[in-house]
Amino acid sequence: MKSEILSFLRERGDYVSGQELCEHFGVSRTAVWKAIGQLKKEGYEIEAVQNRGYQLKGDGDVFGRHELESRMETRWAGHPVFYYESVDSTNQQAKRSAEAGCGQGTLIVADMQTAGRGRRGKAWSSPPGTNAYFTLILKPEYDPDCVSMVTLVMALAVAEGIRAACGVRAGIKWPNDIVAEGKKLCGMLTEMSMERDYVHHVVVGAGINVRRQEFAPEIARTAVSLEQLCGKKISRAQLIAHVMKAFEEYYGRFEQEHSLAGLLEQYNALLVSRDKEVCVLDPKGEYRGISRGVNAHGELLVELADGSVTEVYAGEVSVRGIYGYV
Ligand code: BTN
């Protein structure tokens with residue numbers, strides 16, 4: 001009920017009488033009073049004025065389960081939410097939760113990660129109070145070879161969530177990064193558990209740089225945060241809720257055909273490398289070409305010097321712009 005009281009107070013933006021809360025939630029005055037007391041303990045500023053009721057004050061940066069739940073506007077993506085002050089990795093926790101029976105839509109969120117993981121076995125620095133680290137559990141009915149497309153769906157959702165939360169027009173560096181002004185804002189990591197042709201679960205995790213921060217020297221030149229870009233304070237819970245809303249919509253479209261056909265135009269419009277020269281770092285040998293967008297399977301189309309077009313599969317290679325990180 002605490003999450004519901006929070007959204008009720010936030011939506012009203014004015015005083016709400018204890019009586020109205022009791023009637024709305026069908027509970028006693030004591031129950032309302034207790035819930036308000038617990039929310040205050042969690043860090044919310046809720047003013048209580050005699051004869052007027054309760055009002056939620058300020059835009060404090062409370063980050064936790066109730067804040068996340070109270071902002072979620074989805075049917076299934078982001079339900080339930082498990083919030084951790086500290087966890088090894090939200091992806092690892094999501095895998096454990098999925099194995100323990102948590103269903104599609106379960107969202108794992110953490111304030112900090114002690115063993116955050118990036119692609120290719122790299123560590124993902126995850127300090128507290130600074131960024132948004134979250135992982136969504138999916139229980140798909142499609143084949144394992146469709147799973148790499150889920151990262152592209154999440155990329156679209158993160159870009160849209162960022163736009164909705166603060167107006168920043170971020171782009172996508174295929175397949176795993178969200179970028180703005182030529183720097184990395186967010187990284188994504190999709191993992192799956194499968195057996196023969198059957199996918200047990202997929203976990204798709206994202207780490208979005210939110211607050212201004214001093215990045216580690218090895219990424220200082222290529223990383224940027226949302227608050228650096230837009231100059232205002234951003235609610236991490238609101239940002240994650242926006243991402244979940246967009247994901248739910250885009251994933252619905254993806255699931256209809258198990259293809260990105262219905263999302264291609266939107267995706268390719270955000271692709272930062274589109275029509276630019278890229279270097280494909282293929283383990284079998286590097287080559288250059290012009291990026292021509294992705295196809296309905298999420299492969300990057302790269303036009304070679306002889307005019308032929310190759311389809312680059314995300315799992316095998318990475319792609320770099322030839323002038324720097326993007
Ligand atoms: C990359 O760019 O290398 C991918 C980074 C993915 C980081 C996120 S943070 C939330 C989730 N939990 C993890 O351990 N990793 C992902």
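Numbering starts at 1 and runs along the sequence shown. Remember, it's 1-based here, ligands and their atoms both numbered in the order they're listed. Computed from a predicted structure; not experimentally measured.
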Is the contact between [X] and ligand 1 made by the side chain, the backbone, both, or neither, using heavy atoms and a 4.0 Å cut-off?
| X | result |
| --- | --- |
| Thr135 | side chain |
| Ala206 | backbone |
| Lys184 | side chain |
| Lys122 | neither |

Nearest non-hydrogen atom to atom 10 (C) of ligand 1 belongs to which of Asp177, Thr90, Val87?
-> Thr90

Do we get Arg65 above Tyr83's six-membered ring, with its NZ or CZ under 6.0 Å from the centre and within 45° of the axis?
-> no

Check the side chains of Asn91 and Thr135 for a donor-acceptor pair under 3.5 angstrom, ignoring hydrogens and angles.
-> yes

For Gly293 and Asn268, the nearest pair of non-hydrogen atoms, with its separation, is CA-OD1, 3.3 Å

Residue, atom name and distance, where the atom is the protein heavy atom closest to [atom]:
| atom | value |
| --- | --- |
| atom 4 (C) of ligand 1 | Met188 O, 3.4 Å |
| atom 5 (C) of ligand 1 | Trp124 CE3, 3.4 Å |
| atom 9 (S) of ligand 1 | Gln113 NE2, 3.4 Å |

Quick check: does any side chain N or O of [X] sit under 3.5 Å from a backbone N or O of [Y], one acting as donor and the other as acceptor?
| X | Y | answer |
| --- | --- | --- |
| Asn295 | His297 | yes |
| Thr106 | Pro80 | no |
| Gln55 | Leu9 | no |

Which of the atoms in ligand 1, numbered in the order shown and given with their element, are less than 4.0 Å from a heavy-atom of [X]?
| X | result |
| --- | --- |
| Gly207 | 8 (C), 9 (S) |
| Arg117 | 5 (C), 6 (C), 7 (C), 13 (C), 14 (O), 15 (N), 16 (C) |
| Gly116 | 14 (O) |
| Gly118 | 1 (C), 3 (O), 4 (C), 5 (C) |

Below 3.5 angstrom, do we get any N/O pair linking Asn176 and ligand 1?
-> no

Has ligand 1 got any nitrogen or oxygen that is less than 3.5 angstrom from a nitrogen or oxygen of Arg119?
-> yes

Quick one: do Arg212 and Glu227 make a salt bridge, cutoff under 4.0 Å?
-> no

Check against salt bridge (Lys or Arg N to Asp or Glu O under 4.0 Å), Arg71 and Glu67 = CA-CA 6 Å; Arg71 296 201 180 254; Glu67 182 66 10; 2.8 Å; yes

In terms of ring plane angle, is the pair Phe247 and Tyr251 parallel, tilted or perpendicular, where the classes change at 30° and 60°?
-> parallel

